[in-house]
Structure formats: structure tokens, C-alpha cells
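Convention: sequence-line order gives letters A, B, ...; per-chain numbering from 1. Any value given below was found using the heavy atoms of this structure, including those in side chains, with hydrogens, waters and symmetry copies removed.
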Amino acid sequence: MAVAFDEMNIPGGDLRPAYQELARWLKETPPEALEYRRQEAELLFRRIGITFAVYGDSESTERLIPFDVIPRIMSGKEWTLLEKGLKQRVRALNMFLRDIYHGRDILRAEIVPDDLIFQNPVFRPEMNGQQVPHDVYVHIAGIDIIRVDAEDFIVLEDNARTPSGVSYMLENREIMMRLFPDLFARHRVAPVERYPDELLSALRSVAPNSASGEPTVALLTPGVYNSAYYEHSFLADKLGIELVEGRDLIVKNNEVFMRTTEGVKRVDVIYRRVDDDFLDPLTFRPDSALGVPGLMSAYAAGNITLANAVGTGIADDKAIYSYMPEIVKFYLGEEPILKNVQTWRCREPKDLAYVLDHLGDLVVKEVHGSGGYGMLIGPAATKATIEAFREKLKREPEGFIAQPTLALSTCPTCTASGLAPRHVDLRPFVLTGSKSTTIVPGGLTRVALKEGSLVVNSSQGGGTKDTWILDE
Amino acid sequence: MLSRTAENLYWLARYVERAEYLARTIDATLRVTALPAAYIGKTNEWDSALLTAGVAESFYQTHEEANEHNVVDYLSFSADNPSSIRNCIEAARLNSRSVRTALTSEMWDTINSAWIELQAVWSKGTSTREDLAKFLRFVQETSLRFDGSAYRTMLRNDAYWFSRLGLHLERADNTARILDVKYHVLLPEEEHVGGPLDFYQWSSILRSVSALTAYHWVYRETLKPWLVADLLILNGTLPRSLASCYDNLVRNLDQIGVAYGRQGPAQRHARGIRNRLEHSNMNDIFQHGVHEFIQEFIADNSRLGEIITKQYLI
């Protein structure tokens with residue numbers, strides 16, 4: 001495995017320019033003061049109730065995501081490049097989705113194999129030929145980015161269904177500003193607080209034509225027991241829209257209404273944080289109690305916008321991921337600005353053979369998995385685990401992809417034994433409305449708190465940091 | 001606003017109010033039971049605490065007798081008692097979480113902090129009287145803070161009015177229940193009127209609705225059953241009196257009616273109850289029978305809850 005890129009220090013002893021002020025401040029600040037603020041931050045998180053639920057964990061159903069008080073800093077120049085690459089990628093994702101559910105040019109051009117689409121459980125035949133307002137499918141994208149050297153950002157994963165974490169981006173900043181006003185005064189950090197405004201105007205801009213006047217937007221949550229419930233209520237609050245559950249909505253004459261104290265009120269746009277499978281028991285899983293019966297017919301009738309659209313899972317599927325560079329080239333005629341991680345598709349015999357020979361060096365992921373579940377991290381796995389995975393792979397090769405273990409970059413992080421480098425990734429949030437694509441400068445930095453660990457998922461004990469983009 | 005949001009706000013306020021009332025009931029009962037036997041009489045005060053909390057029946061399904069230890073535990077911490085203080089705070093927190101968008105951050109902070117403290121400090125109940133006193137103060141302060149935060153930070157819109165409806169409906173029910181359980185000591189025909197027994201009973205009634213000082217300010221008299229009943233039922237200046245609760249219920253329902261441009265059965269029913277209170281005097285009530293009067297009131301009050309639910313919350 002390559003040596004991890006250190007975001008703060010240049011090998012040989014110099015500091016990267018973006019970190020100079022932070023380094024000076026760290027030198028002036030006694031470790032006790034840092035520890036004191038860390039505790040204060042934790043208390044704030046707990047009191048505000050910024051928690052997430054862990055499924056199957058009976059001990060405590062609500063947990064805090066550990067927060068690291070040392071910010072991750074990027075220069076404005078680095079960000080500008082990243083931003084360009086993200087917009088390019090999300091534009092291509094949207095065009096790909098439109099194509100897959102309509103003309104299918106990319107399949108005819110034989111760039112993506114047919115069976116990857118049609119035999120994929122996240123492909124939604126219900127969306128074939130369905131017009132979605134303004135052809136926007138992925139209104140909110142969370143693109144997971146890692147950094148491996150001074151020049152390159154690499155996309156690890158495209159989250160195009162219901163990406164979460166943006167509340168942490170916003171709350172982390174609030175808490176940092178409360179705890180470290182001095183540190184902010186010494187930097188020019190680009191603000192992120194306009195995210196809710198941008199989100200609301202993006203959502204309004206994609207309202208169906210049948211919406212009358214000012215469109216009504218609501219956020220659909222599975223409810224208080226969902227792991228991201230805090231985020232749902234946070235966003236609804238910041239956007240000033242109703243936080244609805246399936247039982248608050250009814251469909252009449254192919255229009256969607258919410259039950260209010262003044263009778264029913266029409267809803268035009270639903271920012272839904274409920275998965276496709278649970279949206280409408282009449283179309284998808286009949287046992288879903290979270291959904292709204294008839295929602296899909298209202299959708300088909302063009303009376304409601306769902307953000308993100310139904311069926312976007314096909315674009316962030318790990319099997320499709322490996323084709324993203326070709327997808328960008330096909331639709332935009334441009335070279336992709338952001339690279340992909342080298343990926344072996346186990347469905348292809350040549351790749352499978354390679355993967356089986358190198359299991360000990362690779363990360364093997366389930367094509368449809370998420371959140372760090374069901375994966376093999378070769379270098380960290382025991383022989384027995386590797387052998388068990390080998391059997392799984394042989395049995396169902398099309399269910400897996402493999403990637404080299406990447407040296408995610410590191411950032412200084414508070415640990416029990418003082419500041420130490422820990423691996424990080426970054427999830428910026430890309431918003432697409434009818435007219436434009438926007439990204440607030442920053443995103444959610446996730447950090448693997450265990451020494452040497454590359455797993456940053458909150459469900460697996462990862463933490464978060466505030467992400468600073470310096471305005472230069 | 002969403003019907004479900006209104007419903008949650010309404011119940012949230014009820015739970016918080018109920019928790020405080022239970023804390024007051026325990027507090028008042030402890031005071032009476034600490035008196036020498038001659039002052040207490042033959043009644044079991046812990047029984048009457050269960051009755052005023054409305055949980056006597058469920059308590060006796062699992063307990064043989066009512067004493068300080070098991071009643072305090074049942075009213076405060078028991079998981080089996082759906083309206084124990086702990087369950088009220090937990091339900092309030094769950095409701096708050098599902099309507100966070102309708103709460104101000106101060107209100108949320110109050111409930112969430114209380115819930116955290118409940119788990120961190122009170123998860124094992126209390127072992128000493130000092131501990132119990134601390135716990136009861138914690139509950140009362142939580143309720144005061146919650147109420148105060150709502151009063152000081154909420155927009156005066158339907159979210160506020162629905163939460164006030166829950167509060168006043170619950171409060172009216174609590175005051176009425178105390179009166180109902182204690183009505184026998186309020187009957188002027190009873191013997192030993194004015195004796196020490198009655199004095200402490202009355203003062204405990206007043207204490208459980210935090211109106212002991214108020215009594216003296218209003219009447220400038222020694223405790224008299226007639227006046228105690230007058231204060232709790234008809235005196236509009238006492239925030240926990242039935243009259244005062246109904247002034248508020250009528251006002252809040254009118255505000256909702258005006259905002260929505262429509263009135264309904266809830267407004268009419270509430271106004272009917274208030275008018276009856278306005279046109280009553282203690283003489284008539286005693287003639288008619290305190291118990292009967294209160295029983296009717298409790299039924300009318302809970303009927304209002306049903307009507308509000310039907311009209312707005314489902």
C-alpha cells in the first residue's frame with residue numbers, strides 16, 4: 001500500500017500553505033484547552049440531539065457521531081478544481097439516468113452492458129418512458145471523494161439515492177464557530193450556511209407544471225426511528241417545510257395532499273428520504289407502512305416531483321461506477337476531471353481471475369452494499385475470512401467489485417495520545433435544480449478514528465470534522 | 001400545520017403538565033404523612049395520592065397495599081405505569097423529537113436535557129428522601145422551564161395554541177381530580193370542621209396545585225373548605241382553577257378559529273363549559289353536591305379533548 005498523502009505536512013518538514021495558520025494556532029493552544037473544547041462540543045451535540053440511530057443495537061438506540069475539533073482545510077484553488085469535476089460528474093449522472101429510462105443510446109453504443117441495467121434490482125421498469133420534471137433525476141448527490149496525492153481527487157462512490165450527512169456539515173460548522181471564534185478570525189473560511197436556501201430553491205424550481213403559484217415542498221421521512229431522522233427534522237426546519245410521514249399524506253385524483261389542521265393541502269414537491277422500495281405499497285413493497293398508497297400514480301400523472309427521482313439507484317450502483325469515466329465522455333464529450341478508483345468487475349472472467357489471485361491486497365465490495373457493510377478489506381482480514389469470501393465470489397461473481405486498498409489522505413486529529421494523523425474522505429453535496437447545479441464550498445469530512453483504519457463510515461465508528469475551504 | 005404535528009404538540013404539553021402534577025402530588029402527600037398521626041386521621045394518604053393520579057386500579061393489580069415506598073415508585077419511576085413521571089418525560093421526548101420542527105430550540109433543549117438527566121441521574125430511582133426531594137424539584141423545574149420557554153419563544157400561531165390547549169385541558173383535569181378525591185373534606189356538613197385534621201388536608205390540596213400562598217392573598221382568611229373550593233373552581237385569577245383553565249381554552253380555541261376562519265363544535269363545547277362555570281356560585285355547587293359537579297366537569301372536559309381531536313388532530 002502506498003504511503004498516505006498527508007494533508008498538512010509536506011514530506012521533509014514543511015507545512016502546506018493552507019495549514020500554516022492552524023499549525024501556529026495549535027502550537028499556541030495547550031492540549032488541555034483542546035480537550036476541554038472537545039468535551040464541550042460533545043455536550044453540545046448531545047443537548048442539541050444530533051444523533052443517529054444504530055440498527056440492531058439495543059444498548060443505546062441513539063448515538064453521537066464522534067466529532068473531531070481539528071478542521072480539515074483545503075485551499076480555494078483545490079476546491080475550484082474539485083467543484084468543476086463534481087458538476088461535470090453530476091451532469092453526466094443525470095443524463096445517464098434520463099437515457100436509461102428513455103432512448104438508451106448508451107446501451108446501443110455498447111458502452112454499458114445491457115444486463116447490468118436490466119438485471120439490476122435497483123433498476124425501476126416503472127420509470128421507463130416516465131417524464132420527470134426538467135429531466136432532473138438526481139437533485140441531491142453526495143459524492144464521496146478521497147485524496148491520494150497533491151494533484152488528484154478520486155471519486156470513491158456516487159450517492160444518488162438519498163445521501164445523508166449534510167446536517168453534520170452544517171452543524172459541525174456552527175459548533176466550530178461557537179467554540180473557536182479566534183481560529184475563524186485568523187482564516188477566511190468560505191461559508192456553508194446557504195445550503196438550505198439553495199436546496200429549497202432547487203426543489204421549488206423542479207415543481208410540476210400543475211403546481212399552482214408558490215409550490216408546496218415537503219420532506220418525507222420514514223419517522224423517528226430512522227437512522228438519519230435527526231437530519232430529516234433539521235433540514236425540514238431549516239427549509240421551513242413540513243416534515244411528513246407516509247401517514248400524513250393521501251393521494252386523491254392523482255394529486256398528493258397532506259392532512260393538516262385546516263383540512264387537506266396539496267403538495268407539489270417531495271424531498272423524500274424514503275427508499276424506492278417503500279415509497280408506494282401499491283407499486284413496490286406491499287408491506288411498506290412508510291409509504292403513500294397511490295404516490296406512483298400521482299408521479300406518473302406528473303402531479304408531484306420526487307427528489308431524488310425514483311430509480312436513481314441504477315446510477316450509483318457499484319457495478320455502474322466502474323463505467324463512470326466512459327459515461328462522462330459519452331454524454332459530455334469531455335475528459336472526466338475526477339478520476340475513478342481502479343475497479344475490477346468480478347462479473348468479467350479476466351477481472352475475477354485477477355481478484356481471486358490478489359484477495360489479500362484488495363478491497364472487495366458488494367455491488368449493492370452500502371455503509372461499509374459486507375465488504376472484505378484484504379490486507380486487514382484473516383486467512384479464514386479471505387477464504388470465505390473467495391467462495392462467495394466464485395458463487396456469485398456478478399455481485400462484487402474489487403478495488404486496490406487506497407491510501408486515503410490523512411489529517412491531524414485529536415486522539416487519546418495527542419494529535420495524530422487519521423485517514424479522511426470527503427462528501428460534498430451537489431444540488432441540481434431546473435436551471436443550475438450548485439455546491440456549497442465544503443462537505444462532510446469523515447475520519448477513521450482508529451489508528452491505521454480506513455473505514456470512515458459512521459455506522460462503523462467513524463467520526464466527522466468540519467471542512468474548511470479557504471477563500472483566497 | 002400537519003394534524004400529526006398539532007396532535008404531538010397537544011400531547012407533549014399534556015405529558016409535561018402531568019409530570020409536574022404528579023411531582024406535586026407526591027410532594028404534598030409526603031408533607032401530610034410526615035405529620036403526627038392525630039393530624040392525619042384514618043385515611044391512607046398514599047391511597048388518595050393514587051386516586052388523584054387516576055391510577056389506583058392499575059396499581060392494585062400488581063400491589064397489595066399502598067405505602068410510601070411503592071406509591072412513590074409507581075408514580076415516579078415505574079415502567080408499568082403508563083403515566084408515571086418517567087414515562088411522561090419519555091413520551092414527551094419522543095413527541096418532541098417527532099415535532100422538532102414545530103418546537104423552538106429552547107423547548108427542545110428543556111425536554112432533551114431532562115430526558116438525558118433522567119437517564120443519567122435517575123435511572124435507578126431514588127433511595128433517600130433527600131434524593132426524592134431533588135427529583136421532584138427537577139421535575140417541577142423541567143415543567144416550569146418548558147412552559148416558560150414556550151411562552152417566551154414560540155410564535156403565537158396554531159402551534160402555540162394547540163400546545164396550550166393540551167396544557168389547560170390536562171391542568172383542568174388534574175385540579176378536578178384533586179377536588180374529587182378530597183371532596184369529602186370539603187363538605188361543610190362533616191364533623192370537626194376547622195379542626196387540625198381538615199386544616200392539613202386542605203393545605204395539602206392547595207399545595208398540590210401550588211395555591212397555598214395564593215389562598216391567603218385572595219381571601220385573607222384561615223383555611224375554610226368553602227373558600228378552598230371557590231378558589232380552585234371559580235376563581236379566575238388562580239391559574240390552576242377550573243375557571244381560569246376554561247378562560248384559556250376558550251381563548252385559544254377562538255384564536256385557532258379566527259386564524260382558520262372557521263369555528264366548530266370544539267369552540268361551542270368549550271364556551272358552554274366556561275359559561276356554566278361563570279354562572280355558578282359555591283352555594284349552588286354545594287347544594288348540588290361537589291362530587292356530582294366535579295364528576296360532570298371531568299366528563300365534559302374529557303369530551304372536549306375528544307372533540308378537539310376529531311376536529312383538528314386526525
Side-chain angles (χ1 to χ4, degrees), chain A residues 42-53 59-64 167 171 174-175 178 196 216-250 257-265 267 271, chain B residues 1-10 90-117 119-120 123 155 157-163 165 252-253 255-264 266 308-314:
Chain A
E42 194 179 307
L43 193 73
L44 281 171
F45 272 93
R46 195 168 286 286
R47 278 184 68 152
I48 303 173
I50 310 177
T51 57
F52 74 112
E59 284 275 296
S60 62
T61 47
E62 286 170 45
R63 266 205 242 152
L64 290 184
S167 56
E171 291 284 30
E174 284 298 315
I175 283 174
R178 233 161 120 170
T216 302
V217 184
L219 195 157
L220 176 64
T221 174
V224 289
Y225 298 106
N226 184 267
S227 68
Y229 179 76
Y230 170 73
E231 174 151 307
H232 305 161
S233 64
F234 173 87
L235 283 175
D237 202 18
K238 296 282 171 194
L239 268 62
I241 61 177
E242 293 292 355
L243 177 64
V244 299
E245 295 178 19
R247 56 188 158 136
D248 297 317
L249 298 177
I250 39 166
F257 297 90
M258 53 187 176
R259 295 175 216 270
T260 79
T261 48
E262 293 174 86
V264 295
K265 182 171 186 221
V267 180
Y271 174 20
Chain B
M1 76 191 301
L2 286 181
S3 301
R4 184 173 50 85
T5 307
E7 189 189 9
N8 274 312
L9 285 167
Y10 167 87
E90 273 175 5
R93 200 262 181 175
L94 188 62
N95 275 26
S96 300
R97 233 161 84 76
S98 62
V99 292
R100 273 184 75 146
T101 53
L103 297 182
T104 63
S105 56
E106 288 84 354
M107 292 164 80
W108 163 256
D109 186 59
T110 304
I111 292 296
N112 195 41
S113 300
W115 179 75
I116 291 169
E117 181 169 342
Q119 291 184 315
S123 61
L155 291 174
N157 58 16
D158 45 2
Y160 181 74
W161 298 322
F162 279 110
S163 89
L165 288 182
N252 294 146
L253 281 166
Q255 283 164 321
I256 293 169
V258 169
Y260 293 173
R262 210 184 316 168
Q263 305 247 345
I308 290 173
T309 302
K310 217 188 232 160
Q311 191 171 332
Y312 295 110
L313 309 182
I314 51 172

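- Taken to the nearest 0.5 Å, the CG atom of D109(B) stands 9.5 Å off from the CG atom of L44(A).
- The heavy-atom pair separating E262(A) from A259(B) by the smallest distance is OE1-O, 4.5 Å.
- In this structure a side-chain-to-backbone donor-acceptor pair under 3.5 Å is present from N112(B) to R46(A).
- Taking CZ of R4(B) as the start and CG of L243(A) as the end, the distance is 6.5 Å to the nearest 0.5 Å.
- Shown here for Y225(A) and L94(B), the closest heavy-atom pair between the two residues is OH-CD2, 3.7 Å.
- Here the side chains of M258(A) and L2(B) are in contact, with some heavy-atom distance below 4.5 Å.
- Heavy-atom proximity under 4.5 angstrom to chain B picks out V224(A) from residues 216-224 of chain A.
- Contact count versus chain A (heavy atoms, under 4.5 Å) is highest, among Y312(B), Y260(B), W115(B), for Y260(B).
- Heavy-atom minimum distance, R97(B) versus Y229(A): O-OH, 2.6 Å.
- Taken from CZ in R259(A) to OG1 in T5(B), the straight-line distance is 13.0 Å, to the nearest 0.5 Å.
- Looking at F234(A), there are no atoms closer than 4.5 Å to chain B (heavy atoms on both sides), in backbone or side chain.
- In this structure, T260(A) contributes its side chain and S3(B) its backbone to no donor-acceptor pair below 3.5 Å.
- In terms of heavy-atom proximity, G49(A) sits nearest to R100(B) at O-NH1, 3.6 Å.
- Heavy atoms of E242(A) lying under 4.5 Å from chain B belong exclusively to its side chain.
- One finds the OG1 atom of T261(A) at 12.5 Å from the CD1 atom of I308(B) (value rounded to the nearest 0.5 Å).
- Contacts of R247(A) with chain B are made by side-chain atoms alone, with heavy-atom separations under 4.5 Å and no backbone atom involved.
- Both the backbone and the side chain of S98(B) have a heavy atom closer than 4.5 Å to some heavy atom of chain A.
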